[in-house]
Amino acid sequence: MGWAIALHGGAGDIPLSLPPDRRLPREAGLRHCLDVGIAALKAHKHPLDVVELVVRELENHPHFNAGKGSVLTTSGTVEMEACIMDGKTKKCGAVSGLSTVVNAISLARKVMDKTPHIYLAFDGAEAFAREQGLETVDPSYFITPENIERLKQAQEANRVQIDYTQPIQKEVKKDDASVDGDSQIGTVGCVAVDNEGNLASATSTGGLVNKMVGRIGDTPIIGAGTYANHLCAVSATGKGEAIIRGTVARDVAAVMEFKGVSLKEAAAYVVEQVPPGNVGLVAVSSTGEVTMPFNTTGMFRACATEDGHSEIAIWDSPSK
């Protein structure tokens, strides 16, 4: 048994032709966040603190769809959501509908630690953030020229765009899957386990491009996008509606428990049950096992274990 950590910056139709100026900043972001997490685990910080710290870093990175990089609703606004969960106690906190909170994951942690509830949303969550002294900004902080353009493209195509979907070119048909590599990779998340088998999971997202105002995805729903218990910690990414239907994160833990199989087998089985192109996840077990399967073209991901294994990757077969 040893510590382990895994994180993701979203799964989706990531083209192999993704140009270096789009790929390299995200790989560098993953590397930085992985290093932050490794240092925290080596300093014997609790996994709950580690995953919050790492996801805060991911939220602050403008190339990922969370925090500063959040995509826009059909009304041109930002509605962020996040969730955090402790495996041993099953304590958890979740938030949705945030438009001014700089780090949604830290508000989710406050909901877990400072209220009798699990889930706060919209005005109530915003008011609680101010009450707790969390950093808030004018909503315009989150609205970038890139995401205004992405919203415009999605509206011209008359579709709700999954967070990592490539913009549609003017000359192609609206239902054409052609891409230009200008990828806004989606949901971010982190899972960690320490030397004592303590587990935690955290996930954060800006949601879908051109989503309806008030739409809530899988990220803040316990057992869908985020879950941790005594066996494993899971953070999922992909098409929220498919992940909710599949209760993906909880199912990984359930398959481990009820089938008596390894984390890797359980995660692979759960991902296979979701229609192709819809899901990816990162997970760690209480014994330090790590797995990062996906059924999409790619998933920005990274992991490290105490025995020295380290990986930063985008593509490759999920069965590898």
Side-chain angles (χ1 to χ4, degrees), residues 7-15 18-37 51-73 75-82 95-108 129 134-154 161-167 179-190 202-211 217 219 235 237-238 280 282 298-302 312-314:
L7 54 132
H8 67 76
D13 184 19
I14 306 168
L18 189 68
D21 65 320
R22 304 289 176 186
R23 174 175 55 82
L24 296 176
R26 296 183 174 96
E27 289 180 333
L30 288 176
R31 187 171 290 106
H32 166 72
C33 293
L34 183 64
D35 288 344
V36 166
V51 297
E52 180 187 0
L53 180 65
V54 171
V55 170
R56 280 178 64 96
E57 291 290 317
L58 288 162
E59 288 174 337
N60 293 338
H61 195 291
H63 287 92
F64 296 116
N65 177 15
K68 176 62 175 170
S70 293
V71 296
L72 306 181
T73 69
S75 295
T77 55
V78 164
E79 290 184 355
M80 299 168 287
E81 47 197 32
V95 289
S96 283
L98 305 182
S99 60
T100 70
V101 179
V102 173
N103 292 112
I105 195 63
S106 291
L107 182 57
L134 293 183
E135 185 180 2
T136 57
V137 292
D138 187 88
S140 62
Y141 166 86
F142 301 100
I143 299 174
T144 64
E146 292 80 8
N147 280 338
I148 291 171
E149 179 62 23
R150 294 190 62 74
L151 175 62
K152 181 183 173 188
Q153 290 169 335
Q161 214 167 263
I162 305 308
D163 41 18
Y164 44 70
T165 304
Q166 317 306 312
V179 298
D180 74 349
D182 184 9
S183 178
Q184 173 79 33
I185 307 304
T187 308
V188 303
C190 181
T203 317
S204 181
T205 189
L208 304 178
V209 182
N210 200 28
K211 67 182 179 180
T219 292
S235 175
T237 175
V282 296
M299 179 171 71
F300 272 80
R301 63 200 189 276
I312 295 172
I314 308 171

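Source: prediction; values computed, not measured. Note that the numbering runs from 1 along the sequence shown for the chain.
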For a 4.5 angstrom cut-off between non-hydrogen side-chain atoms, does [X] reach [Y]?
| X | Y | answer |
| --- | --- | --- |
| V78 | T73 | no |
| T203 | T187 | yes |
| T237 | M299 | yes |
| T100 | D138 | no |
| E79 | K211 | yes |
| F64 | E59 | no |
| V209 | L72 | no |
| E81 | L98 | no |

Say whether, by atom type as modelled, one donor and one acceptor occur between the side chain of [X] and the main chain of [Y] under 3.5 angstrom.
| X | Y | result |
| --- | --- | --- |
| N65 | T205 | no |
| K68 | I143 | no |
| N103 | G67 | no |

[X] [atom1] to [Y] [atom2] distance, which is reported to the nearest 0.5 Å:
| X | Y | atom1 | atom2 | answer |
| --- | --- | --- | --- | --- |
| R301 | L7 | CZ | CG | 11.5 Å |
| H32 | L58 | NE2 | CG | 8.5 Å |
| R56 | C33 | CZ | SG | 12.0 Å |
| R150 | Q153 | CZ | CD | 6.5 Å |
| E57 | L30 | CD | CG | 12.5 Å |
| R22 | I14 | CZ | CD1 | 14.0 Å |

Practice prompt. Let me know which of N60, L134, T136 forms a side-chain contact (heavy atoms from CB on, under 4.5 Å) with V102.
Written response: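 Among N60, L134, T136, the one meeting side-chain contact (heavy atoms from CB on, under 4.5 Å) with V102 is N60.
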Would you sort out whether N147 and F142 count as a side-chain contact (heavy atoms from CB on, under 4.5 Å), showing the intermediate values?
-> CA-CA 9 Å; N147 280 338; F142 301 100; over 6 Å; no
Testing the basics here: between [X] and [Y], what is the closest heavy-atom pair and its distance to 0.1 Å?
| X | Y | value |
| --- | --- | --- |
| P25 | H63 | CB-CE1, 3.6 Å |
| F300 | R23 | CE2-O, 4.1 Å |
| I105 | A202 | CD1-CB, 3.6 Å |
| A82 | T219 | CA-CG2, 4.0 Å |
| A129 | V101 | CB-CG2, 3.6 Å |
| V51 | C190 | CG1-O, 3.5 Å |

Q.
According to salt bridge (Lys or Arg N to Asp or Glu O under 4.0 Å), who are the partners of E52, at least two apart in sequence or on a separate chain?
A.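 Residues passing salt bridge (Lys or Arg N to Asp or Glu O under 4.0 Å) with E52: R109.
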inquiry  = Closer than 4.0 angstrom, basic N to acidic O: yes or no for E27 and R31?
reply    =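 Salt bridge between E27 and R31, a charged N being under 4.0 Å from a carboxylate O: no.
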Handout entry: Donor + acceptor pair across side chains of H8, S235 (<3.5 Å)
Key =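 Note: H8 and S235 side chains meet the donor-acceptor criterion.
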Among all residues two or more places apart in sequence or in another chain, which pass the side chain to side chain contact (heavy atoms under 4.5 Å, CB included) test with P145?
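By the side chain to side chain contact (heavy atoms under 4.5 Å, CB included) rule, P145 matches no residue at all.
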